4 protein chains.
Amino acid sequence: MTPDLSSFLARLDQEIRARADWGKVADYIPELARIDPAQFGIAVCLADGSLHQAGDAQKRFSIQSISKVFSLACVLGRIGEQIWTRVGREPSGSRFDSILLLEQEKGRPRNPFINAGAIVTTDELLTGRSPRDALSEIIAFLSAAAGDSDIHIDKHVAASEAATGFRNIALANYLKSFGNLKHPVDHVLGTYFHQCAIEMTCVQLARVGRCIAGLPGAPQMMTPAKARRLNALMMSCGHYDASGDFAFHVGLPGKSGVGGGILLIAPGRASIAIWSPGLNGYGNSQMGSHAAERLAQHMEWSVFG
Amino acid sequence: MTPDLSSFLARLDQEIRARADWGKVADYIPELARIDPAQFGIAVCLADGSLHQAGDAQKRFSIQSISKVFSLACVLGRIGEQIWTRVGREPSGSRFDSILLLEQEKGRPRNPFINAGAIVTTDELLTGRSPRDALSEIIAFLSAAAGDSDIHIDKHVAASEAATGFRNIALANYLKSFGNLKHPVDHVLGTYFHQCAIEMTCVQLARVGRCIAGLPGAPQMMTPAKARRLNALMMSCGHYDASGDFAFHVGLPGKSGVGGGILLIAPGRASIAIWSPGLNGYGNSQMGSHAAERLAQHMEWSVFG
Amino acid sequence: MTPDLSSFLARLDQEIRARADWGKVADYIPELARIDPAQFGIAVCLADGSLHQAGDAQKRFSIQSISKVFSLACVLGRIGEQIWTRVGREPSGSRFDSILLLEQEKGRPRNPFINAGAIVTTDELLTGRSPRDALSEIIAFLSAAAGDSDIHIDKHVAASEAATGFRNIALANYLKSFGNLKHPVDHVLGTYFHQCAIEMTCVQLARVGRCIAGLPGAPQMMTPAKARRLNALMMSCGHYDASGDFAFHVGLPGKSGVGGGILLIAPGRASIAIWSPGLNGYGNSQMGSHAAERLAQHMEWSVFG
Amino acid sequence: MTPDLSSFLARLDQEIRARADWGKVADYIPELARIDPAQFGIAVCLADGSLHQAGDAQKRFSIQSISKVFSLACVLGRIGEQIWTRVGREPSGSRFDSILLLEQEKGRPRNPFINAGAIVTTDELLTGRSPRDALSEIIAFLSAAAGDSDIHIDKHVAASEAATGFRNIALANYLKSFGNLKHPVDHVLGTYFHQCAIEMTCVQLARVGRCIAGLPGAPQMMTPAKARRLNALMMSCGHYDASGDFAFHVGLPGKSGVGGGILLIAPGRASIAIWSPGLNGYGNSQMGSHAAERLAQHMEWSVFG
């Protein structure tokens, strides 16, 4: 299967560049708005230990919301299931930055993968440590999981979002008004914006994903039960208000970010990272979503049979 | 594994009867309100063709919303993906009978497994045929899939719901006001209430589920691609506003009904039917949900690794 | 002032016909959709007992939602303030036929002048009497108040709405599901559709309004306290989601109907009826709203100084 | 009428102190939470130029949201009707600090008397001037209208709200995210919190109200048309989600604040200021609402006849 996969990825890369239907880069973070949408990279780690890649798989991109998976992994590692008293596990049926449900549910976000929920997770991560140390913990987690210490935060992106992220500032203050934020709003948001600004390549991200996919030989970063639960959450809530559609078309747990990245997990079989910075109307990578569907079908990796 | 499963089911049955924490039967359908909640049955079909059961696995119960999976299967078989112009594929983030989102989304239900969506599916099923013929088609589908023609509609339950189902009448008229109901409201609701009133045993339901699980030897009722999509929808939307929690705790696609039944699919491995009429606060079988989690863990059947 | 008013109304009639900016007739009730929008009538009763009119002031039109004021007046006359246990007194901030707030507020409509609230009022009116008798009571109230027994129901309009009023059928069933409808849905809606289909002329309607305006010589149909409360409700909730705008621009309590009628009250000073069947985007008569603002300004009748 | 009013106010003061049903002081602003709820003051200016008062009418209190009327008056004086492109004129059907409708209406607040709308008004007031100058303009307006320059801002209250007003910070950032805030969030909120922290006595407030009531001899602070519009807005939106109830029971335009103050206008007849710091469930002064109803009935001041 291995040679087949590499050549499939190469063909997929060509096919996508030929389509040239790239979508639009996120424009609400100025630093991201300048990126050329006509890029595509993909990397796949298989259970046999092999790594396959195509296109811009070694180019760094801003992982943005994909970081929500890792901050949650760190929090679950530290306080475990207690986090669920502060955030739910249900899909939201709304946009990633909706404040509406937060009012109806009195400050308890629907899940940790919408912005409000991720801000609560980051707040929890700050318990007993400084923003700097919390960020170090996430970076250390990623470096250990990827077996690669060359993972950094792009401070320009973090500053760009801090200067313009009014909706996230609104969400954090709103959470605070309900008593569901323990630390000062500035500390939490500072940490959150920096965590979103982590830069990784597809190769690095796919290597981190091995731990969630439970691939043989992956560093032991979490118990199988914990990995299973991350996968369940990614399936239910990983793509905002297109999560149901993603489950329907791709059939694998995944998490997208507005930087154009997608992390996909085929439990026990593969970890996949895709990047293409142009987005579709739901805020998910347009060519990344397409590539995810093509790959899952070709490899028959759907968890649904 | 087979002997182990049978003895596990027997122990699970005993454990649940000892707990005696049955929940409350649905009280909004008078005919269902009279059922003794202290009942539990489970049946499992494995890929090796074996059938395992425990408790009240051969007692008939009202499948209610589980029928939504089968009416959708029939519609997909007939018109295919066209149905998605009339109904979405996203979790709703609300109760099964919410009318709120329907207003916000101008009459297009979020998914086919909430009431509004299932009413649209049933309306589609009525295209070119009478209510009687549409119901016959569902019954024929179930009989063929189960290899058992002893499957019937409980007319008392259907009449009971028709007399008191004001919220469903409201939903249907509301859909009609948006032009998303092609047939007379009475025809659609009559068909819908009868389809919900189909009675099956756990054994029959598990045997039907083999086709969606894609088990060897199951009757060929749908393509693998169609089964995969039904599974994806059940994972995202099968348990109303507890779908995320179900994915998190059980990790298998499933569909519950207010009659206390749950259909669970372990793709390629097993089809499971559970029944216990007492419900939890989300309208899902209380002991059925518990049994589903225990079974999935014991057998390590989660699709998430 | 009297001669001035008559000539002002004549000028206003000419001005409006010259503008020819009529709006669109309601199209969701087939029988109303056929009416020529290029019509305008106005009638004013003053405290000195004089009646002034212009244009199509003696042409019959369907009073539609204006009837909500009269059914409420009848209910207040019978059971008094008890009605407020079943319906609120607050503006809704939504369309006249919204079902959304009804879900959030568990079946208690925001006020008696949105459809859901008026359906509850009509249900209350049916207590202890048949639909026929309830309708007779409203007609008798109007005839006595107008001093004119030539007021009737247009059965074609009632039938037209019964055949197509799916949203009202949805609202009524939804209320029933919350236990906030005491009589069979069919009885309540039948009464409601017939009450909406009452036909009156501007002259008749203005004469009825004298009782709410508390004009000297008007028939004693209600206490001053009751009239005051009807006026308060019309000010807060009389024009659906344009009630605030109407208060801002016109400054008088009023109630509009999708038939194009507007009843306006200048307490102690005048009762005004305006009709022009073309509607604006909020479902209020376009030229009627314009005429209301012009008249209130010219006569300096605003209750706000 | 004058002697009668003074003795009525004295009796009302006694009656209210005897009831001792004070409600609860606002607890979300720490500085206000310490105030003794058992206080009551009332002052009335009549058209004949007389002033009547009772109880704690000369005690200073925090006018809080009543300031929204005055910042709007200043803005209308400066840019006129243009403000309505940024904020609506409709009642909201929700709590004063709701963020929900703001999402549904894409950042355009429903009216200038809910917090979001008042923040927009304050932002408009900052056009071309510093926060200090904007506050000076409001104070100058109040001093001129009251004929009393002893009106100040309580900086402790402003600081208290700045430190804990997370929901208002959320609203301001949310408005900013929709582009409906022209100045830096900190400037706008700083100004807003200071404007809310203006301290006045009932006597001062009633004297300011003369200008809105259009009483003879009042300083000419605005045209009659402008006063009329302020009154219309206070009637529709002055008491948050109890505005309809207030119109129903009191029948006068008014504006309440969480400091326990109420400004009431009887156009052409009287200006009334009431203060009692204990609030009811809607955030309006409990004894203040009661006194308003008693006074309006006794004097037959309802604008509704």
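The shown structure was predicted, so the numbers you read here are calculated from the model rather than taken from an experiment. Lettering of chains follows the sequences in order, A, B, ..., and the numbering in each one begins at 1.
Among the candidates Ala213(C), Ser243(C), Gly251(C), the residue making the largest number of heavy-atom pairs closer than 4.5 Å to chain D is Ser243(C). Considering only heavy-atom pairs separated by less than 4.5 Å from chain C, the leading option among Ala242(D), Ala266(D), Ala247(D) is Ala242(D). Interface check for chain D: of the options Asn231(C), Leu252(C), Ile212(C), the most heavy-atom pairs under 4.5 Å are formed by Asn231(C). Taking Leu233(C), Asn111(C), Ile265(C), Asp245(C) one by one and counting their heavy-atom pairs under 4.5 Å with chain D, the maximum is reached by Asp245(C). Interface remark: of the candidates Ser302(D), Gly88(D), Ala227(D), Gly214(D), Ser302(D) forms the most heavy-atom pairs closer than 4.5 Å to chain C.
In this structure, Glu300(D) and Arg228(C) have side chains that are not in contact, with every pair of non-hydrogen atoms separated by 4.5 Å or more. Pro253(D) has its side chain within reach of Phe304(C): a pair of non-hydrogen atoms, C-beta onward, lies under 4.5 Å apart.
Around CD of Gln220(C), the count of heavy atoms belonging to other residues, nucleotides or ligands within 6.0 Å does not exceed 12.
Scanning all heavy atoms of the two residues, the minimum distance from Asp241(D) to Glu90(C) falls at O-CD, 3.1 Å.
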